[in-house]
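Input: one structure, supplied below.
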Amino acid sequence: MAGYWVIRTYKAGAVGEKIKYWVPGQKPSKSDRRLRSEIRKQQQNEAGAEKRMARQIHANFTSKDYLIGLDYSEEGLSLVLAGLDEKGERFADESYHACHHRLRLWLKRVRRECRKAGVPFRYLAVTSDTNGKTGELVRLHHHIIVNREALAIALGKWTLGSTHHEHLYNVVDQTALAAYLLRQVRRLPDEKKYIPSRNLAIPQPKDRIAPGGAELAVPRGGQLLHRNEWRPGRPQYIRYILPGVGKLTKGRDQTEIS
């Protein structure tokens with residue numbers, strides 16, 4: 001079958017990614033816009049929410065920023081779910097949507113207060129009601145990654161229950177955090193898995209035609225973090241520390257940069 005290989009590269013914070021695609025059809029010239037169009041058709045293989053979220057963490061947050069948890073008290077949850085039929089078949093979906101709406105209202109209040117105080121507000125937010133290990137439903141709650149400058153305002157604007165917070169781990173690769181958060185999100189049709197703030201830097205890919213289907217290599221001076229099993233003729237994926245960032249060391253349970 002006629003076609004050609006393309007390598008897509010991302011750089012986000014200290015992390016690089018390369019994805020190699022096989023694109024069916026006639027090989028375009030360098031000036032042909034069809035390359036970009038054909039690559040978009042292949043994005044489904046790599047453009048999962050987990051990778052997108054991880055890139056946004058890498059590009060916008062550091063270990064000085066925070067992961068916030070927002071919980072509901074009995075009174076708070078009763079207020080949010082008032083009027084819903086707890087015996088109805090759609091109660092779980094409706095309660096999720098009700099709490100997700102409260103999350104959006106909270107984000108709006110925090111954003112407004114930060115603007116008044118002249119404080120930047122960057123975030124990635126999810127509504128959680130699923131056990132990430134078993135898939136069973138758990139009590140509704142929220143997780144938000146937030147920049148350190150907005151922490152106090154963010155915590156002070158939650159009035160429906162308790163809060164907790166901790167620094168992000170001092171690790172170069174936050175893919176595990178993205179996976180942890182998204183495993184807890186209910187899968188609903190046409191529902192985005194997380195809410196990013198509009199002021200986040202979005203890493204943009206660079207595409208180039210590859211000479212062949214050889215196994216992807218880490219750039220010289222880079223350090224491999226993850227490689228999908230390589231099979232000739234199949235799409236490939238690697239994730240690595242960018243050259244010149246630092247030396248890879250092992251923390252307690254995390255990969256750190258020293």
Query raised in the report: Can the positive tip of R8 be found less than 6.0 Å from the middle of the six-membered ring of Y21, inside 45° of the ring normal?
Result: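 The answer is no, since R8 fails at least one limit relative to Y21.
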
Requested in this report: Using a strict 4.0 Å threshold on nitrogen-to-oxygen distance, state whether E229 and R234 make a salt bridge.
Outcome: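 Answer for the salt bridge query: no.
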
Query raised in the report: Within a strict 4.5 Å, meaning less than it, do heavy atoms of the C99 and H142 side chains meet?
Result: yes

Atom pairs and distances, donor-acceptor, side-chain atoms in residues 100-109, under 3.5 Å, two or more places apart:
unit_1	atom_1	unit_2	atom_2	d
H100	ND1	T127	OG1	2.5
W106	NE1	A154	O	3.1
R109	NH2	K157	O	3.4

Requested in this report: Answer whether the closest heavy-atom distance between the side chains of Q174 and I145 falls below 4.5 Å.
Outcome: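 Contact flag for Q174/I145 side chains = no.
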
Query raised in the report: If you round to the nearest 0.5 Å, how far is CG of D129 from OG of S95?
Result: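 If I round to the nearest 0.5 Å, the distance is 7.0 Å.
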
Requested in this report: Kindly say whether K51 contributes a backbone atom to a donor-acceptor pair with the side chain of E17 at under 3.5 angstrom?
Outcome: no

Requested in this report: Kindly indicate whether the side chain of L225, heavy atoms from C-beta on, has any atom under 4.5 Å from the side chain of V172.
Outcome: yes

Query - CZ-CG distance between R122 and N199, expressed to the nearest 0.5 angstrom - result: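 One finds 7.0 Å between CZ of R122 and CG of N199.
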
Query - Rounded distance (nearest 0.5 Å) linking atom CG of L70 with atom CG of L140 - result: 12.5 Å

**Report entry** Distance (rounded to the nearest 0.5 Å) between L168 CG and I57 CD1
**Finding:** 7.5 Å

Query raised in the report: Hey, is the main chain of A214 close enough, under 3.5 Å, to the side chain of K20 for a donor-acceptor pair?
Result: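 Flag set: sc K20 to bb A214 pair under 3.5 Å.
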
Query raised in the report: How about E136 and T130: do any of their side-chain heavy atoms sit closer than 4.5 Å?
Result: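 Heavy-atom side-chain distance check fails, nothing below 4.5 Å.
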
**Report entry** Donor-acceptor under 3.5 Å (S128 side chain, V185 main chain)
**Finding:** no

Query raised in the report: Passes side-chain contact (heavy atoms from CB on, under 4.5 Å), D173 versus H58? Steps please.
Result: CA-CA 7 Å; D173 186 2; H58 296 150; 3.6 Å; yes

Requested in this report: Give a yes or no answer on whether the side chain of N170 reaches the backbone of S63 with a donor-acceptor pair at less than 3.5 Å.
Outcome: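 Here the side-chain-to-backbone pair does not exist.
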
Requested in this report: Could you tell me whether E215 and R227 have a side-chain N and a carboxylate O separated by less than 4.0 Å?
Outcome: yes

Report summary line: To the nearest 0.5 Å, atom OG1 of T9 lies from atom CD1 of I7 at 6.5 Å

Query raised in the report: Just by distance, do the side chain of D65 and the backbone of F61 share a donor-acceptor pair under 3.5 Å?
Result: no

Query raised in the report: From Y180 OH over to M53 CE, what is the distance, rounded to the nearest 0.5 angstrom?
Result: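 The distance works out to 11.5 Å.
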
**Report entry** Pairs flagged by salt bridge (Lys or Arg N to Asp or Glu O under 4.0 Å) wherever residues 71-85 is involved - sequence neighbours left out
**Finding:** E74-R139

Query - Sequence-distant partners of H226, side chain to side chain contact (heavy atoms under 4.5 Å, CB included), two or more places apart - result: N228, Y237, R239

Report task. Kindly say whether the aromatic ring centers of Y72 and H141 come within a distance under 6.0 Å. Result -> no

